[in-house]
Protein chains: 2
Amino acid sequence: MERKRFFPKNTMRSATTEIPEKASAIMDAAERRIRTSGYNGFSFREIATDVGVKSSSVHHHFPTKPALAAAVARRYTDRFEAALAKAKSVEDWRAVFRKALVEDGQMCLCGVLGAESGDLPAEVSAEARRFFRRSLKALGQLYGPPSAVSRQSALRVMAMLEGAMMLARTLDDPSVFEEATRNLP
Amino acid sequence: MERKRFFPKNTMRSATTEIPEKASAIMDAAERRIRTSGYNGFSFREIATDVGVKSSSVHHHFPTKPALAAAVARRYTDRFEAALAKAKSVEDWRAVFRKALVEDGQMCLCGVLGAESGDLPAEVSAEARRFFRRSLKALGQLYGPPSAVSRQSALRVMAMLEGAMMLARTLDDPSVFEEATRNLP
DNA sequence: GTCTATAATTTGATAGAC
DNA sequence: GTCTATCAAATTATAGAC
């Protein structure tokens, strides 16, 4: 028994993202594929199959592949920042990366994009760059006011977390992540 | 004026690799492409164009795409180990990564493959795994005989170098690598 | 919004002449 | 070993009916 709706079904917005349900499902599928195979490793048809529609319907929501990937990266950055908005220590950061790796078995989306950023569409590499600029700024604040020292600490931690994730996945051994990131500065 | 040859021209071997000249040129092109765009980011036709032949000629030297990528990764590992055979400190390791990044503007081949290792052909991901296993072993020896401590040091340094490379490339700023990897343990 | 149909291109791979 | 020619499949993307 459905209750009366304040909005027609198709235009309902999720409380957090303001993105239509179907577009959200498409982005979910695309995010999973990109985090597994990279930007060049997914197709509109795969995404369509994942969601249960045809590829032309995916194009209706996202006109081009770069546009879809950029939207996914932007949402990823938003969620990442929300998850770490209240982070008090580098251990909170470590926990977010660990969770993605161990529970979801996934890489950092922007780590994957960054690795192949050599010839990514401009709008996609721009989102990857934005992710790291913002993350480094937030991470640096854990080490005091902006300075050469706090910046270096942020760079070291970010490099470590991203590198450890890639190593753990390649070696198919989560303990690699635990070992590499134990006792971060 | 050519001197007499001991081998027909086509089967001359390079002194270091024992790989025919043409196959070597194909691997050079493939390596450059993979380190820029990843495994899913290159095609036989692009490689053929780079080398100045047709794609069917590439297939003559390497029957399939996974076979070509695996051969490239194997040769990369060999060269990497040769370059670091006499390494006395972690600074030597850092120098090799820096050179690739700054002088050649390229990522670590196996770092790129590792990032998209989620659905790589088995023979390709196996080579990426082999690269890191062997590298970690060699790197650990800088920190004394095999132990939990030397293993952890190797993991930390490797994660840092790979992560710093990816960060520097994504942000298009070599100083990111310098900062992140200054004063490695 | 989703579908069918299709265009235009690219992909990995093979057959066979030279 | 390299070429031409070709294949079957997949790719991104668009037009238009419902």
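Both backbone and side-chain heavy atoms feed into the values below; hydrogens, waters and symmetry mates do not. These figures come from a predicted structure and were not determined experimentally. Throughout, a chain's letter reflects where its sequence line sits, starting with A, and its residues are numbered from 1.
In this structure, B:K137 fails the cation-pi test against B:F132, since its NZ or CZ atom is not both closer than 6.0 Å to the six-membered ring centre and inside 45 degrees of the ring normal.
Protein atom CZ of A:R33 is 14 Å distant from nucleotide atom C1' of D:dA10, rounded to whole Å. D:dT11 atom P lies 14 Å from atom CG of A:L68, rounded to whole Å. Look at CD1 on B:I47: it is 11 Å from P on C:dT11, rounded to the nearest Å. In this structure, the NZ atom of B:K54 is 16 Å from the C1' atom of C:dC18, given to the nearest Å. If you take CD of B:E21 and C1' of D:dT2, they are 16 Å apart, rounded to a whole angstrom.
Between B:Y39 and B:L113, some side-chain heavy-atom pair lies under the 4.5 Å cut-off. Side chains of B:L142 and B:K88 form no contact here, defined as non-hydrogen atoms less than 4.5 Å apart.
Between the side chains of B:T170 and A:R129, not a single donor N or O lies within less than 3.5 Å of an accepting N or O.
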Atom pairs, N/O to N/O, protein against nucleotides 12-14 of chain C, distance under 3.5 Å?
unit_1: C:dG12; atom_1: OP1; unit_2: B:F42; atom_2: O; d: 3.4
unit_1: C:dG12; atom_1: OP1; unit_2: B:K65; atom_2: NZ; d: 3.0
unit_1: C:dG12; atom_1: OP2; unit_2: B:F44; atom_2: N; d: 3.0
unit_1: C:dG12; atom_1: N7; unit_2: B:R45; atom_2: NH1; d: 3.3
unit_1: C:dG12; atom_1: O6; unit_2: B:R45; atom_2: NH1; d: 3.4
unit_1: C:dA13; atom_1: OP2; unit_2: B:K65; atom_2: N; d: 2.9
unit_1: C:dA13; atom_1: N7; unit_2: B:H59; atom_2: NE2; d: 3.4

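Comparing D:dG1, C:dT2, C:dT4 by their nearest atom to the side chain of B:H60 picks out D:dG1.
Under a 4.0 Å N-O distance rule, the pair B:D28/B:R75 qualifies as a salt bridge.
In terms of phosphate contacts, A:S57 brings a side-chain nitrogen or oxygen within less than 4.0 Å of OP1 or OP2 of C:dC3.
In this structure, the ring of B:F80 has its center less than 6.0 angstrom from the ring center of B:F131.
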